[in-house]
Amino acid sequence: MMKIAVRIPNWIGDAVLSTPFVSAIRQVFPDAEIFLIMRDAVRDVYEGNPWSDRTIIINDRKDGPIPTGLNLQRYRFDHYFNLPGSFSSGLISLLSGAEERHGFTSEGGSFFFQDRIKSSGLKGLHRARRYLELLRHFPVKKQTLEARVFLEQKEIQRAKSLLKKLKLKRIVIGMNPNCSAIARRWPREKFAELADRLLEKVNNSVIFFGSPGETEYVQAVAGMMKHQAIDLSGKINLREYTAILSLIRIFITNDS
């Protein structure tokens with residue numbers, strides 16, 4: 001059986017935008033065994049995904065790219081599609097020993113891949129579309145940019161139960177005020193002001209979201225407000241977060 005490896009991007013947002021690529025890979029290789037290679041931080045994005053067969057969790061930051069790549073040789077991949085554009089991910093691809101390697105060359109290292117695309121030639125292209133460029137030589141019958149995260153019904157039900165316990169008003173508005181890139185953050189006081197304005201409407205409830213590492217930042221935003229919002233930062237995991245987002249009316253964020 002043919003073995004296909006897809007290295008998933010390291011950031012949650014980019015991992016979500018890689019789902020159309022994995023869907024397309026399954027179209028191109030319907031009978032192959034598809035392996036998704038990723039860091040633990042994005043594992044929840046692909047939980048329950050029907051287009052892949054196996055997940056390989058790597059810790060290349062701790063172990064280093066050379067041991068990580070050499071450890072992948074035991075899988076004997078036929079194709080390796082590298083979605084991140086970093087030098088280290090390209091090196092891992094090379095050391096995996098895959099017969100055919102496909103990737104971007106944004107940080108040099110064009111010798112990592114037999115099939116390579118210069119990232120400079122893809123400027124302005126939607127991230128999901130950019131990933132799909134790696135399949136430009138393959139017969140993708142139905143190409144889509146729709147990003148998909150698959151939730152189980154029990155996860156949806158738990159989210160509904162949580163929202164019910166919070167005794168929210170009719171219109172629920174989610175806010176994620178933080179962002180890993182400082183240049184992309186809307187100022188805290190602006191989020192606080194907007195949340196106050198929304199809460200002054202009779203039927204509105206506002207929920208703040210954030211990872212455990214963002215709790216202090218979210219609390220600072222809440223502390224600037226005149227009214228009280230609900231703070232779920234650091235209190236739910238990524239799957240629970242995703243399930244709640246599927247149920248609320250409006251979501252306001254930086255670039256989550």
Side-chain angles (χ1 to χ4, degrees), residues 9-20 38-50 55 127-128 145-256:
N10 299 327
W11 297 97
I12 291 173
D14 292 345
V16 171
L17 292 179
S18 72
T19 59
M38 66 185 76
R39 290 180 179 172
D40 190 62
V42 299
R43 180 204 298 258
D44 284 350
V45 171
Y46 274 95
E47 184 178 332
N49 187 289
T55 297
R127 186 63 57 93
L145 294 183
E146 181 185 3
R148 293 284 304 275
V149 175
F150 292 86
L151 295 168
E152 295 183 13
Q153 191 58 39
K154 62 183 180 181
E155 292 176 304
I156 299 292
Q157 289 302 321
R158 282 199 296 266
K160 287 181 178 178
S161 296
L162 174 59
L163 293 177
K164 187 175 181 180
K165 288 179 183 178
L166 294 175
K167 297 180 180 180
L168 302 167
K169 295 179 181 177
R170 186 168 60 87
I171 300 176
V172 182
I173 302 161
M175 285 192 173
N176 189 11
N178 199 19
C179 173
S180 59
I182 296 175
R184 299 177 189 174
R185 287 180 190 157
W186 202 37
R188 288 184 290 191
E189 59 271 18
K190 294 293 187 181
F191 267 105
E193 180 184 353
L194 177 57
D196 272 331
R197 289 191 182 188
L198 291 169
L199 285 170
E200 287 165 3
K201 303 294 183 180
V202 175
N203 289 319
N204 289 353
S205 290
V206 172
I207 303 176
F208 283 127
F209 295 97
S211 67
E214 297 172 313
T215 299
E216 186 176 344
Y217 188 93
V218 174
Q219 288 176 346
V221 175
M224 297 177 181
M225 294 173 56
K226 296 180 295 183
H227 304 291
Q228 188 169 3
I230 296 166
D231 182 6
L232 290 183
S233 62
K235 298 174 183 175
I236 55 175
N237 62 37
L238 183 59
R239 299 288 295 184
E240 292 168 329
Y241 172 53
T242 307
I244 291 173
L245 291 192
S246 73
L247 298 172
I248 65 176
R249 183 78 63 88
I250 301 167
F251 183 58
I252 301 169
T253 184
N254 291 290
D255 68 344
S256 175

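One-based numbering along the sequence shown.
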Kindly give the heavy-atom pair with the smallest separation between [X] and [Y], and that separation in Å.
X: I244; Y: L163; answer: CG2-CD2, 4.0 Å
X: G48; Y: F150; answer: O-CB, 3.8 Å
X: V16; Y: T19; answer: O-OG1, 2.7 Å

List the residues meeting side-chain contact (heavy atoms from CB on, under 4.5 Å) with [X], not counting sequence neighbours, and say none if there are none.
X: A181; value: C179, R184
X: K160; value: I156, Q157, L247
X: N203; value: R170
X: N10; value: R7, R39

Could you give the distance from [atom1] ([X]) to [atom2] ([Y]), rounded to the nearest 0.5 Å?
X: L199; Y: N204; atom1: CG; atom2: CG; result: 7.0 Å
X: L245; Y: I250; atom1: CG; atom2: CD1; result: 13.0 Å
X: I173; Y: F208; atom1: CD1; atom2: CZ; result: 10.5 Å
X: N176; Y: I207; atom1: CG; atom2: CD1; result: 12.5 Å
X: S205; Y: L198; atom1: OG; atom2: CG; result: 11.0 Å
X: T253; Y: F209; atom1: OG1; atom2: CZ; result: 10.5 Å

Who pairs with [X] by salt bridge (Lys or Arg N to Asp or Glu O under 4.0 Å), at least two apart in sequence or on another chain?
X: K201; answer: none
X: R185; answer: none
X: E155; answer: R239
X: R158; answer: none

Salt bridge (Lys or Arg N to Asp or Glu O under 4.0 Å) between E47 and R43, worked out: CA-CA 7 Å; E47 184 178 332; R43 180 204 298 258; over 6 Å; no
Pair V172-R249, side-chain contact (heavy atoms from CB on, under 4.5 Å): steps then yes or no: CA-CA 6 Å; V172 182; R249 183 78 63 88; 5.5 Å; no
Contacts table for residues 218-231: side-chain donor-acceptor under 3.5 angstrom, sequence neighbours left out:
residue : atom : partner : partner atom : Å
H227    : NE2  : E200    : OE2          : 3.4
D231    : OD1  : S233    : N            : 2.9
D231    : OD1  : S233    : OG           : 2.6
D231    : OD2  : S233    : OG           : 3.3

Heavy-atom side-chain proximity of V45 to M38 below 4.5 angstrom: no
Those residues that, when tested against Y217, pass side-chain hydrogen bond (donor to acceptor under 3.5 Å, both in side chains) (two or more places apart): none
For D14, all residues meeting side-chain hydrogen bond (donor to acceptor under 3.5 Å, both in side chains), sequence neighbours excluded: R127
Aromatic ring pairing F251/Y241, orientation class (parallel under 30°, perpendicular over 60°, tilted between): perpendicular
Salt bridge (charged side-chain N to carboxylate O under 4.0 Å, His left out) partners of residues 204-216, not counting sequence neighbours, each pair once: none
